[in-house]
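Notes follow the structure.
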Amino acid sequence: REFPSGFGNTDIRIISRNNDIVGISKCYIGNEYGNELGERLTSLLENTIYVGTPGQIGLCEKSIEDVKNFICALEIKQYPTIETVKLDYSEMTAYIKHNSQKYPNIYDTRAECFNHATFFSQWRKEISVSSIKEIDKILEQADFYDIICWLLYDAELYEAVTNENEIRDTSAMKGMPPRVQYSREVRKNYMASWLRKIFTEAKWLPTQSKQKVGVGNCTLFAHKLSPIVEVLDVDYVKLIKMSGKSRKEIDLLFEKLGVVEDIVDLAPQNIYEILIGLYTSKAEPTVTKQIYTKLNLKYKAETIGSLINNNPMYERFKSEGGVLAELNGEYVYLPVKDVYYVDKKIYSEDILKKYPLLVLGKRAGASKIHKMFCVQPIQATSEIQVEYEEHDLNVAYQKEFQRILPYIYAKRIAVDSKNKEFYALRSAKIILVKEALSLYKIGDDQQQGVLQDYELIYKDKVAYIKVPMHIRSINELKESVKFRGAVAEVITTILDVDGDKDAFLIILACKSTKEAEEYFIENGDDDLSTVNLAKTKFSEQIDRKNEFWNAIENAFEGTRGCVNPYISIVSYCQ
């Protein structure tokens with residue numbers, strides 16, 4: 001049967017479970033109608049009244065389902081009800097502070113703009129929002145799984161909690177700005193959701209450390225940072241069975257609530273609380289290093305402002321915080337003002353070991369790292385002078401480096417639409433040295449650095465790599481993991497990237513162009529179109545005759561003392 005319009009808004013009288021006659025607005029649906037979840041939640045409220053059984057309300061001849069449909073049509077609620085309420089003074093103070101963070105400027109119904117301090121400058125103010133009676137008590141005492149199921153079942157609650165703004169037209173803020181004759185009103189479009197504020201700030205989420213925390217202090221991915229930040233303790237199998245919802249629907253709810261997967265996805269203020277906590281608790285270095293790396297990867301130079309701007313915890317971190325540094329081969333936590341960062345390898349290790357260096361990979365961008373971690377770059381106050389003695393293999397390696405550059409560039413050509421990396425590689429130069437001395441000032445201190453074997457320094461697009469005197473052939477160089485690592489470091493420094501370093505190490509080990517081409521064929525460049533394009537850009541026409549004799553020479557160097565060097569040479573060239 002259809003009810004007249006507005007029928008459900010009339011406070012009809014009905015028999016309760018206790019045989020009292022009460023208005024339906026005071027009743028909830030209980031266990032009698034299969035609403036076990038609703039009763040577990042509403043039973044936490046004071047003086048909860050439940051509608052009577054079918055027999056009590058005179059409908060015993062009807063099925064339970066029919067009676068339930070009837071009482072639902074009367075708008076008797078299954079769950080704690082959402083109402084429009086007026087906030088008290090303390091609640092208004094908290095709400096105004098919260099709302100001003102989301103909306104620095106608010107517009108009244110006349111489209112006039114105010115800030116919150118101006119709009120609420122006089123004592124006559126009123127804020128009406130959607131809320132739930134005793135919601136704090138429910139979140140404190142109800143079972144976590146019941147709350148999640150409630151959010152998934154109650155469409156209006158789901159919308160109110162996952163929406164950034166108030167959802168009801170009855171929500172409003174009234175204030176009396178200076179020099180106006182009448183009070184002004186701001187509607188829901190400039191009002192942050194009160195229920196969302198409650199659900200995200202209350203400590204109702206269980207964690208693996210058996211603590212309850214708010215949304216902003218836990219993640220879905222496991223880590224070892226308790227009690228700085230916790231890991232949500234959720235049994236998806238149980239939750240899916242209880243709710244009848246899919247894992248995807250549950251994860252979407254967590255996402256909309258603001259429960260993040262990983263630490264770096266937390267709000268900027270929480271991130272700096274974590275960084276301060278790592279410093280004060282002297283956290284395990286491996287954990288700290290992992291967080292630093294994730295933050296570096298997530299925030300780029302152009303997005304770092306979203307992390308640090310208008311962030312009070314960042315300001316505290318700058319003045320009171322510290323970071324993990326490496327000093328004399330050991331990890332130590334030091335105040336940010338005492339720690340340095342090296343973006344590119346322009347100083348020798350004997351110089352760098354004198355300074356506590358932030359534990360983070362190179363080439364993250366000195367400006368970005370300075371802003372993110374508040375550490376300072378090591379900067380020479382005078383031009384670096386390099387004195388060196390050339391290695392016997394230097395001239396030969398110049399040719400080898402030029403020969404291999406097209407293959408290096410082939411790994412980067414797809415992302416180099418503006419030819420920036422091409423020109424950087426084409427102008428790059430590596431000098432192999434027997435000895436090298438670098439001279440410069442850092443601050444007021446005169447510094448002198450001496451390169452160790454396979455160590456490098458980089459100055460004015462020229463890299464100096466120290467090679468031991470006992471290395472007498474290009475093949476020996478290619479077989480040296482340390483040397484290939486130094487050259488790969490030069491290449492990534494030239495390109496100012498960290499990616500593809502492993503590929504560069506493989507290419508640098510190839511003893512012939514044929515071997516390099518086989519690597520590209522095995523990795524998807526079947527017709528060598530990418531390699532050939534890179535060669536064309538470098539105007540590198542490979543002379544096959546020279547390649548053959550170079551291969552013979554290189555192979556012969558590796559067959560000294562062999563019983564039959566001819567067989568070894570043929571095998572090598574094949």
Side-chain angles (χ1 to χ4, degrees), residues 3 5-12 23-29 38 41-42 45 72-103 105-114 116 119-120 124-139 142 147-176 182-202 204 215 252-253 256-258:
F3 294 94
S5 177
F7 182 73
N9 295 327
T10 304
D11 201 15
I12 299 169
I24 59 172
S25 64
K26 296 180 175 63
C27 281
Y28 290 97
I29 300 173
L41 294 167
T42 55
L45 306 176
C72 285
L74 294 177
E75 297 185 6
I76 300 177
K77 302 297 184 181
Q78 298 185 68
Y79 308 110
T81 56
I82 298 177
E83 302 171 341
T84 301
V85 301
K86 293 181 181 179
L87 300 180
D88 62 28
Y89 179 80
S90 62
E91 290 172 331
M92 281 196 293
T93 301
Y95 181 82
I96 291 170
K97 180 179 179 181
H98 173 72
N99 199 60
S100 64
Q101 293 173 349
K102 179 171 176 57
Y103 295 111
N105 296 311
I106 52 178
Y107 291 82
D108 67 7
T109 53
R110 301 184 185 188
E112 291 190 41
C113 181
F114 302 93
H116 287 73
F119 188 78
F120 295 110
R124 284 184 288 180
K125 54 188 175 185
E126 181 181 297
I127 300 178
S128 298
V129 294
S130 296
S131 190
I132 296 172
K133 179 183 178 182
E134 299 181 74
I135 183 60
D136 294 335
K137 181 179 179 181
I138 295 173
L139 292 176
I147 297 173
I148 296 297
C149 289
W150 176 26
L151 284 163
L152 291 168
Y153 291 160
D154 190 331
E156 186 180 19
L157 178 65
Y158 186 98
E159 185 181 3
V161 171
T162 60
N163 201 302
E164 294 288 340
N165 288 349
E166 285 288 308
I167 62 172
R168 287 188 171 183
D169 292 333
T170 49
S171 298
M173 299 190 297
K174 294 180 181 179
M176 180 69 77
Y182 304 103
S183 63
R184 298 297 180 87
E185 186 172 88
V186 173
R187 306 308 296 271
K188 64 180 183 180
N189 288 346
Y190 292 95
M191 296 181 63
S193 169
W194 175 252
L195 274 174
R196 179 176 177 81
K197 178 181 184 297
I198 292 173
F199 269 81
T200 55
E201 293 181 359
W204 61 279
V215 164
L252 180 60
L253 172 60
K256 289 190 172 185
L257 279 173

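Hydrogens, waters and symmetry mates are skipped; everything else that's a heavy atom, side chains included, is used. All figures in this text were calculated on a predicted structure; none of them were measured in a lab.
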Roughly how far, to the nearest 0.5 Å, is the CD1 atom of Ile24 from the CD1 atom of Ile76? 5.5 Å

To the nearest 0.5 angstrom, please state how far the OH atom of Tyr28 sits from the CG atom of Leu45. 5.5 Å

Can you find a pair of side-chain heavy atoms, one from Gln78 and one from Tyr153, that are under 4.5 Å apart? no

Counting only N and O atoms by type, is there a donor-acceptor contact under 3.5 Å from the side chain of Arg187 to the main-chain atoms of Asp169? yes

Candidate pair Ile138 and Trp150, rule side chain to side chain contact (heavy atoms under 4.5 Å, CB included), full reasoning: CA-CA 11 Å; Ile138 295 173; Trp150 176 26; 3.9 Å; yes

Do Val129 and Glu91 make a side-chain contact, defined as non-hydrogen atoms from C-beta onward lying under 4.5 Å apart? no

Testing the basics here: between Leu257 and Thr200, what is the closest heavy-atom pair and its distance to 0.1 Å? O-CG2, 3.4 Å

Spatial distance of atom CE (Met176) from atom CZ (Arg124) [nearest 0.5 Å]: 3.5 Å

Indicate yes or no for a side-chain donor-acceptor contact from Glu166 to the backbone of Ala172 under 3.5 Å, with no hydrogens or angles considered. no

Can you see whether Tyr103 engages Asn189 through a side-chain donor-acceptor pair at a distance of less than 3.5 angstrom? no

Tyr107 and Tyr190 aromatic ring geometry - parallel, tilted or perpendicular at 30°/60° bounds: tilted

Assess whether side chain to side chain contact (heavy atoms under 4.5 Å, CB included) is satisfied between Ser128 and Thr170, documenting all intermediate values. CA-CA 7 Å; Ser128 298; Thr170 49; over 6 Å; no

Listed by chain and number, what are the side-chain contact (heavy atoms from CB on, under 4.5 Å) partners of Glu164, not counting sequence neighbours? Lys102, Arg196

Which salt bridge (charged side-chain N to carboxylate O under 4.0 Å, His left out) pairs, counting each pair once, include a residue from residues 147-156, with sequence neighbours left out? Glu156-Arg168

Any carboxylate oxygen within less than 4.0 angstrom of a Lys/Arg side-chain nitrogen, looking at Glu126 and Lys86? yes

Are more than 12 heavy atoms, taken from residues, nucleotides or ligands other than Lys174, located less than 6.0 Å from that residue's NZ atom? no

Rounded to the nearest 0.5 Å, the OG atom of Ser100 sits from the OH atom of Tyr95 at a distance of 10.5 Å

Nearest non-hydrogen partners of Phe120 and Lys125, listed with the distance: CD2-CB, 3.5 Å

Taking all atoms of both residues into account, what is the closest heavy-atom pair of Asn165 and Ser193, and its distance? O-CB, 3.6 Å

Scan Leu139, Leu157, Ile198, Thr81 and name whichever one has a side-chain contact (heavy atoms from CB on, under 4.5 Å) with Ile132. Leu157

With rounding to the nearest 0.5 angstrom, report the NZ to SG distance, Lys77 to Cys27. 13.0 Å

With rounding to the nearest 0.5 angstrom, report the CE to NE2 distance, Met173 to His116. 4.5 Å

When you measure from the side chain of Tyr79 to the backbone N and O of Leu151, does any donor-acceptor pair fall under 3.5 Å? no

Could you go step by step and tell me if Val85 and Trp194 meet the side chain to side chain contact (heavy atoms under 4.5 Å, CB included) rule? CA-CA 11 Å; Val85 301; Trp194 175 252; 5.6 Å; no

Within a strict 4.5 Å, meaning less than it, do heavy atoms of the Asn99 and Ile106 side chains meet? yes

Does a side-chain heavy-atom distance below 4.5 Å link Lys133 with Pro80? no

Between Met191 and Ser171, the two heavy atoms sitting closest are SD-C, 3.8 Å

Apply the test side chain to side chain contact (heavy atoms under 4.5 Å, CB included) to residues Phe199 and Ile135: give CA-CA distance (whole Å), side-chain angles for both, the deciding distance (0.1 Å), then the verdict. CA-CA 9 Å; Phe199 269 81; Ile135 183 60; 3.9 Å; yes

